[in-house]
**Q** 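After the structure tokens below, expect a handful of questions from me.
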2 protein chains.
Amino acid sequence: MPENDLSPATRGRKRDPERDAAILEATIDLLAEVGYDGLSTAKVADRAQAGKGTMYRRWPTKTDLVLDAVAHMKAQQIDLEALPDTGSLRGDLLALFQPQDSAQVDRILRAMAGVVSMISQVHGLAETGDYSIFEPWIAANSVLMERARTRGEISSTADVALAAQIIPSMAAYRALILRVAIDRDLLLRLVDQVVLPALSDGPVNLASS
Amino acid sequence: MPENDLSPATRGRKRDPERDAAILEATIDLLAEVGYDGLSTAKVADRAQAGKGTMYRRWPTKTDLVLDAVAHMKAQQIDLEALPDTGSLRGDLLALFQPQDSAQVDRILRAMAGVVSMISQVHGLAETGDYSIFEPWIAANSVLMERARTRGEISSTADVALAAQIIPSMAAYRALILRVAIDRDLLLRLVDQVVLPALSDGPVNLASS
DNA sequence: CCAATACGATACTACATGGTTCCGGAACGC
DNA sequence: GCGTTCCGGAACCATGTAGTATCGTATTGG
């Protein structure tokens, strides 16, 4: 009797993992350029210098391919184990958004815009949230802020869950609607005039007329 | 000589303006449900109980139709001439986002998500910004905040341009990515813990250890 | 060396869809 | 009434594309 009909194919030529990477990268490129629907499997294959058979051997469907490409992109993002630690929350936040290569960030945000169109069409995708690039950024913000709280740097009652969403949501708005990335000037204003005040203890100092 | 080859057709049956509205409404519905690419002209005609001829007599192309539908939706939005005036900025902000029927807001935000996919594919659209539903909300925020400033209610040096973007950008993030609208609890937290502190004079009261 | 599997390339199928055209009928102005 | 323009409906066409199949070649293990 055959051990297993689905034996992992020990014989024959092996799959080239480099092809996986090339196809996923080409997918992200096109996602950023033309969106989910503008992306055709033929174009992906063409750009990756791959045959469509090679693609469909790995991903049974265009949707699977794009989802995996997004996961791939996400994995290259922020490493929650290696967050900046400058001693102050302000320094940490600036450092977190600092090092990103501008062109690379732009590509990622545009790809994210491409994903938005997929959510409308692929049923049951909105519920998982797996596709969001912004979620790890929010998580990173939370970690930095919680650390600042244990240092006593911010209010013990600060709404960290909310504050951690401010910068990422602004980034999302600009990326998806305005099609522009956050620049350093805006980042400074956000940190100093919005995020830090929101976390501080200070009573809202409305003019007491 | 003919007065004008394109004379507005004084003879014959007149166009039914109700058809315009029905078609635009159907377009927005579908835009919210399936996105720009999931939207087919046949589906729009079907839902509006209209013939495709009736549609193409008005809009030469699917893109024109969708853009006009978005403009139509935008026109039904915030009236900058009739902003709330409760006496306090806090009251004004809460009133601004208050009256919206939740289901209606949800529909609008989902439609906006559908528009995002169009931006990737229709050339030269991202530059105009005409499509953004959020921009009038930002403008309304700015007006309310400037009024508060002239009342001396907030700091004279407050960064209104930035603060006015906070709530709308959060709404955009939630609508486009999370697919959820802003509820009253979140609105309260945003106003009291983020927006108002950002506009206040108070020095950032970081714990002086 | 050989069977099995991978690869890029290309041809092919099945189907959806944007846009046009035509129909029979209804509303309008003259 | 009579021609013109509108209406909903449906047929029609050209194009694009997801997914499959095939071909000749390159790698692998036995």
Side-chain angles (χ1 to χ4, degrees), chain A residues 2-24 26-27 30-31 34-69 117-118 120-123, chain B residues 2-27 30-31 33-69 114 117-118 121-123:
Chain A
E3 308 130 349
N4 190 347
D5 277 3
L6 305 175
S7 60
T10 170
R11 290 188 300 269
R13 180 173 173 174
K14 289 179 176 167
R15 285 195 191 171
D16 183 356
E18 197 281 334
R19 301 324 292 142
D20 294 60
I23 293 170
L24 292 175
T27 302
L30 286 169
L31 197 59
V34 295
Y36 175 73
D37 300 273
L39 178 155
S40 74
T41 57
K43 279 188 238 174
V44 173
D46 189 45
R47 182 168 306 209
Q49 288 277 99
K52 291 177 69 176
T54 303
M55 290 171 49
Y56 277 93
R57 191 176 296 116
R58 290 163 164 78
W59 300 279
T61 215
K62 173 181 163 179
T63 302
D64 291 281
L65 168 62
V66 174
L67 284 178
D68 206 25
S117 58
M118 181 170 47
S120 300
Q121 294 183 50
V122 180
H123 177 65
Chain B
E3 308 129 350
N4 190 345
D5 276 3
L6 305 175
S7 61
T10 170
R11 290 188 299 269
R13 180 175 175 176
K14 290 180 176 167
R15 282 195 193 172
D16 182 356
E18 198 281 333
R19 301 323 294 141
D20 294 61
I23 293 170
L24 291 176
E25 286 296 319
T27 303
L30 285 169
L31 197 58
E33 289 174 20
V34 296
Y36 174 73
D37 299 273
L39 178 154
S40 73
T41 58
K43 278 188 241 174
V44 172
D46 190 45
R47 179 167 308 208
Q49 289 277 101
K52 292 176 70 176
T54 303
M55 291 172 46
Y56 277 94
R57 191 176 297 116
R58 289 162 164 78
W59 299 278
T61 215
K62 173 181 163 180
T63 303
D64 291 281
L65 168 63
V66 174
L67 284 178
D68 205 26
S117 58
M118 182 170 47
Q121 293 182 50
V122 181
H123 176 66

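Note: hydrogens, waters and symmetry copies are ignored here, and every other heavy atom, side chains too, is used.
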**Q** A:R15 has an atom CZ; how far is it from atom P of D:dT28, in whole Å?
**A** 15 Å
**Q** Just to verify, what does A:R57 make a side-chain contact (heavy atoms from CB on, under 4.5 Å) with, not counting sequence neighbours?
**A** A:R15, A:T54
**Q** Please enumerate all protein N or O atoms sitting under 3.5 Å from an N or O of nucleotides 24-29 of chain C, with distances to 0.1 Å.
**A**
residue: C:dG25; atom: N2; partner: B:R13; partner atom: NH1; Å: 3.3
residue: C:dA26; atom: N3; partner: B:R13; partner atom: NH1; Å: 3.3
residue: C:dG29; atom: OP1; partner: B:K14; partner atom: NZ; Å: 3.0

**Q** side-chain contact (heavy atoms from CB on, under 4.5 Å) with A:S117: which residues, sequence neighbours excluded?
**A** A:Y36, A:D37, B:S117
**Q** Pick base, sugar-phosphate or nothing for B:R19, based on heavy-atom distances below 4.0 Å to the nucleic acid.
**A** sugar-phosphate
**Q** Rounding to a whole Å, what distance do you find between A:Y56:OH and D:dT22:P?
**A** 17 Å
**Q** Taking DNA chain C as the partner, which of residues 61-69 of chain B come within under 4.0 angstrom of it by heavy atom?
**A** B:T61, B:K62
**Q** With A:D64, which residues qualify under side chain to side chain donor-acceptor pair (under 3.5 Å), at least two apart?
**A** none
**Q** Closest approach of B:V34 and A:Q121, non-hydrogen atoms and distance?
**A** O-CG, 3.2 Å
**Q** Nearest 0.5 Å, please: how far is CE in A:M55 from OG1 in A:T61?
**A** 10.5 Å
**Q** Check this one for me: any side-chain N or O of A:R58 less than 4.0 Å away from OP1 or OP2 of D:dG19?
**A** no
**Q** Between the main-chain N or O of A:A48 and the side-chain N or O of A:R19, is there a donor-acceptor pair closer than 3.5 Å?
**A** yes
**Q** Residues of residues 35-51 of chain A with any non-hydrogen atom less than 4.0 angstrom from an atom of DNA chain C: list those, numerically ordered, please.
**A** A:Q49, A:A50, A:G51
**Q** Show every donor-acceptor pair shorter than 3.5 Å between a side-chain atom in residues 39-46 of chain A and any protein atom, with sequence neighbours excluded, or say none if there are none.
**A**
residue: A:S40; atom: OG; partner: A:K43; partner atom: N; Å: 3.2
residue: A:K43; atom: NZ; partner: A:G38; partner atom: O; Å: 2.8

**Q** Which whole-number value in Å describes the distance from B:M55 CE to C:dT17 P?
**A** 13 Å
**Q** Could you list the residues that satisfy salt bridge (Lys or Arg N to Asp or Glu O under 4.0 Å) with A:R58, not counting sequence neighbours?
**A** A:D20
**Q** Between B:K52 (NZ) and D:dC6 (P), how many Å, whole number?
**A** 19 Å
**Q** Specify the separation, in whole Å, of atom CD1 of A:I23 and atom C1' of C:dA6.
**A** 12 Å
